[in-house]
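For this chain, numbers begin at 1 and follow the sequence in order.
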Amino acid sequence: MERDRDSPSSDEDDDHEALIDPTDTKSQRSTFEIGHLKTQLARPLRFSKRYLLAFCLMLSLIFLYFSVDFGNLFRSVSTMKIADSGTDRMREAELRALYLLKQQQLGLLSLWNATSIHSRSISVINPNSTLDIISNSTKNANSNSTLQMEDLIPSIEDFRYAVVNQIKLNKEIQEALLSSHRIGNLLELGDGNVVPEFGGYGFDRCRKVEPKSEERTIEWKPKGNKYLLAICVSGQMSNHLICLEKHMFFAAVLGRILVIPSARVDFQYNRVLDIDHINKCFGRKVVVSFEEFSEMKKNHLHIDRFICYVSSPQPCYVDDEHIKKLRALGITTGKLEAPWVEDIKEPKKRTFNDVLEKFSANDDVLAIGDVFFADVEQEWIMQPGGPLAHKCQTVIEPSRLIMLTAQRFIQTFLGKNFIALHFRRHGFLKFCNAKKPSCFFSIPQAADCITRVVERADVPVIYLSTDAAESETDLLQSLIRLNGKAIPLVKRPARNSAEKWDALLYRHGLEGDSQVEAMLDKTICAMSSVFIGSAGSTFTEDILRLRKDWRSASICDEYLCQGEEPNFISDSE
């Protein structure tokens, strides 16, 4: 009868069938049944063939065990396997070491060729110089200009960096050769202490720029009733901030309080700058908002004298539209006058005394039309911290809210070590191609230039500040790779309530303001380890100003593809 497959007790039934029934008395034998035992002993001993075969097999195994050393046999097989494995590992290590030695040879040959070329350029100046091998600037090699000591400093860093790379490569070769002698996590040969540490040598290829010890400054001590109304009309916010900085210099030279323009005729400065911060830096009242100025002057908002810094293409670079906006604020003006001939396309170098002579006046309210193009004491103005004596790192800087937001973004997405890239594209093609040489580079060429800076700075990520289309930034991202690894390009993401890095801007109603976002971009870039800017862009220049004033500028900072020309330039219209 077939067993029921679904029965859960079928296995138990099989087990019970193999047991002896305790009620079967016939099958039970008592241990002390002596009579029965004698009967068994009396029987003749009979062996079946099956038992005999088993007995012979047992004797054979015993004989084999005592005649052969199994332990030694197993040890021999194991040794053969280890030997084979060790040989393969050693061969692999040797091939790896040979490959690295070839790379080291190429690297040293490249270094030798570079130093040989540049040493000849320096030997023209000083054939006996011990610095012959450290010039790395192709531009200087092809130039007849005299090399200055500061021009050699980046070259020394390049040479030291190349040497460090060779030492690291040598360490890899040692590790490759020693790896074949490794047992577990230990080395049979060597103490493993083959890694040279460079932290103690103070090596930093992209170190911060050391400011000059001597700085020339003047005190800004304005008279209480004398005002200079800032007039800035050229370009966007970055141009206006540069214009505002120069206005401060003019106000200090002339001993006047600077009036920040109204948002009705200019940008809303109080959303991106901290006006109180400026006064705190000088320890006195040196700037006032237009609203504060208007309240003090009541109904007498009149520019007593309007002196134009530029005379061409139009006086003060102020058009009729701007004059109408001033009048809409209740400001009346006199005739615009120009003390000299000054064209914005060809600005002349002016001095402190020129400003003092041409713009001094006893009038209460003075206006000087757009000084963005003014070339006055440039070296003095461009020194870290600016030309004026104050107790802050920089006077014109982002508001506290923007500074904190930038720090939170860096902590969230970038970390301490990152490159910032200002990649200007919109409208830049026509602007750059009008210059000689052009400053507009194709995406592949730009990617090569950026990759070289990444390799030099040794950073894991790039912050991208750009107005480029996604088609350009996507291609750029795909081409920036180092040692087969993509270097991420990070842009500020759209507002997300789950992210809290920008909560301060949202809470204070600054979210979505284009000028605030532009200043936030500048701040992040100014806090980077290394900065790559766009030549000719005032946005880039304002970032460089902040980096200089904050002492965050690096010797690796540069303009995109600096020293190169575009490998392809389109025809003009």
Quick one: does Leu229's side chain get under 4.5 Å of Leu366's, heavy atoms only? no

Validation row: Arg207, Ile555 side chains within 4.5 angstrom (heavy atoms): yes

State, without any angle test, whether Gln515 and Gln236 hold a side-chain donor-acceptor pair at a distance under 3.5 Å. no

After noting the C-alpha distance and the side-chain angles of Ser234 and Asp370, does the key distance pass the side-chain hydrogen bond (donor to acceptor under 3.5 Å, both in side chains) rule? CA-CA 7 Å; Ser234 171; Asp370 200 330; 4.6 Å; no

Any non-hydrogen side-chain atom of Val265 less than 4.5 Å from a side-chain atom of Leu329? yes

Inter-residue atom distance Thr333.OG1 - Ile323.CD1, 0.5 Å rounding: 5.0 Å

Before giving the answer on side-chain hydrogen bond (donor to acceptor under 3.5 Å, both in side chains), spell out for Gln393 and Asp549 the whole-Å C-alpha distance, their side-chain angles and the decisive distance to 0.1 Å. CA-CA 6 Å; Gln393 283 188 314; Asp549 291 352; over 6 Å; no

May I ask you to check whether Trp380 and Phe249 place their ring centers less than 6.0 Å from one another? yes

Quick one: does Arg547's side chain have a donor or acceptor within less than 3.5 Å of a partner on Ala526's backbone? yes

Check Lys548 with Glu541, please: is the shortest side-chain N to carboxylate O separation under 4.0 Å? no

May I ask you to decide if Val209's main-chain N or O and Arg551's side chain share a donor-acceptor pair within less than 3.5 Å? no

Cationic tip of Lys522 within the cone over Phe539's six-membered ring, i.e. under 6.0 Å and within 45° of the normal? yes

Give a yes or no on whether a salt bridge exists between Arg425 and Asp467, defined as a side-chain N under 4.0 angstrom from a carboxylate O. no

Counting C-beta onward and ignoring hydrogens, is there a side-chain heavy-atom pair between Val253 and Val376 closer than 4.5 Å? no

Look only at the side chain of Asp354 and the backbone of Thr351, and say whether a donor-acceptor pair between them is shorter than 3.5 Å. yes

Find the distance between CH2 (Trp550) and CD1 (Ile543) and round it off to the nearest 0.5 Å. 10.0 Å

Identify which one of Ile532, Val530, Val453 satisfies the side-chain contact (heavy atoms from CB on, under 4.5 Å) criterion when paired with Asp557. Val530

Between His240 (side chain) and Phe267 (backbone), is there a donor-acceptor pair under 3.5 Å? no

Could you check if a side-chain atom of Ile218 sits within less than 4.5 angstrom of a side-chain atom of Phe352, using non-hydrogen atoms only? yes

For a 4.5 angstrom cut-off between non-hydrogen side-chain atoms, does His322 reach Asp319? yes

Could you list the donor-acceptor pairs under 3.5 angstrom formed between side-chain atoms of residues 400-414 and any protein atom two or more places apart in sequence or on another chain?
residue : atom : partner : partner atom : Å
Thr405  : OG1  : Leu401  : O            : 2.8
Thr412  : OG1  : Arg408  : O            : 2.7

Strictly distance-based, threshold 3.5 Å: is any side-chain N or O of Asp364 a donor or acceptor partner for the main-chain N or O of Lys226? no

Carefully, step by step, assess Glu342 and Arg350 under the rule salt bridge (Lys or Arg N to Asp or Glu O under 4.0 Å). CA-CA 11 Å; Glu342 183 77 13; Arg350 308 291 183 177; 2.7 Å; yes

Can you tell me how far the OG1 atom of Thr394 sits from the CG atom of Leu546, to the nearest 0.5 Å? 6.0 Å

Work out which heavy atom in Lys491 is nearest to a heavy atom in Thr466; give both atom names and the distance. CD-CG2, 4.2 Å

Walk me through whether Cys439 and Phe428 qualify under side-chain contact (heavy atoms from CB on, under 4.5 Å). CA-CA 8 Å; Cys439 53; Phe428 219 47; 4.2 Å; yes

Could you tell me whether the side chain of Glu397 reaches within less than 4.5 Å of the side chain of His277, counting heavy atoms only? yes

Looking only at atom types and distance, does a side-chain atom of Ser554 sit under 3.5 Å from a main-chain N or O of Cys206, one as donor and one as acceptor? yes

Say whether, by atom type as modelled, one donor and one acceptor occur between the side chain of Glu511 and the main chain of Leu505 under 3.5 angstrom. no

For Asp320, is the CG atom crowded, meaning more than 12 foreign heavy atoms sit under 6.0 Å from it? no

Looking only at side-chain N and O atoms, does Asp448 offer a donor or acceptor that is under 3.5 Å from a partner on Thr451? no

Contacts of Glu565 that satisfy side chain to side chain contact (heavy atoms under 4.5 Å, CB included) - sequence neighbours left out: Pro437

Check step by step if side-chain contact (heavy atoms from CB on, under 4.5 Å) holds for Ile257 and Leu228. CA-CA 6 Å; Ile257 295 174; Leu228 175 64; over 6 Å; no

To the nearest 0.5 angstrom, please state how far the CG atom of Leu273 sits from the CE atom of Met519. 5.0 Å

Kindly indicate, with the supporting measurements, whether the criterion salt bridge (Lys or Arg N to Asp or Glu O under 4.0 Å) is fulfilled by Lys297 and Glu292. CA-CA 9 Å; Lys297 289 296 182 178; Glu292 187 177 355; over 6 Å; no

Could you tell me whether the side chains of Asn433 and Ser438 share a donor-acceptor contact shorter than 3.5 Å? yes

SG/Cys525 to CZ/Phe418 distance, rounded to the nearest 0.5 angstrom? 7.5 Å

Neighbour count above 12 (heavy atom, 6.0 Å) for Arg327 CZ: no

So Phe359 and Phe250, would you call those rings parallel, tilted or perpendicular, with 30° and 60° as cut-offs? perpendicular

Under 4.5 Å between any side-chain heavy atoms of Phe306 and Ile231, yes or no? yes

Check Lys348 with Asp375, please: is the shortest side-chain N to carboxylate O separation under 4.0 Å? no

Heavy-atom donor-acceptor pair, Ser312 side chain to Gln314 backbone, under 3.5 Å: no

Hey, does the side chain of His508 reach the backbone of Leu504 with a donor-acceptor pair shorter than 3.5 angstrom? yes

Here the gap from Gln383 atom CD to Arg216 atom CZ, rounded to the nearest 0.5 Å, amounts to 8.5 Å

Stepwise ring pair (Phe, Tyr, Trp, His ring centres under 6.0 Å) test for Tyr317 and Phe373: CA-CA 10 Å; Tyr317 203 62; Phe373 300 99; 5.6 Å; yes

Output, in order, the C-alpha distance, side-chain angles, deciding distance and verdict of side-chain hydrogen bond (donor to acceptor under 3.5 Å, both in side chains) for Asp542 and Ser238. CA-CA 6 Å; Asp542 204 34; Ser238 297; 4.9 Å; no

Quiz question: by atom type and distance under 3.5 Å, do the side chains of Ser465 and His422 form a donor-acceptor pair? no

Residue among Leu520, Thr523, Asp513, Val516 satisfying side-chain contact (heavy atoms from CB on, under 4.5 Å) with Val272: Val516

Considering residues at least two apart in sequence or located in another chain, which fulfil the disulfide (SG to SG under 2.5 Å) criterion with Cys308? Cys316

Dump the intermediate steps for side-chain contact (heavy atoms from CB on, under 4.5 Å) on Asn279 and Arg284, then the final yes or no. CA-CA 6 Å; Asn279 290 323; Arg284 62 181 70 93; over 6 Å; no

Residues Val365 and Arg256: closest non-hydrogen pair is N-NH1, 4.2 Å

Treating Ser534 as the side-chain partner and Arg424 as the backbone partner, does any N or O pair qualify as donor plus acceptor under 3.5 Å? yes

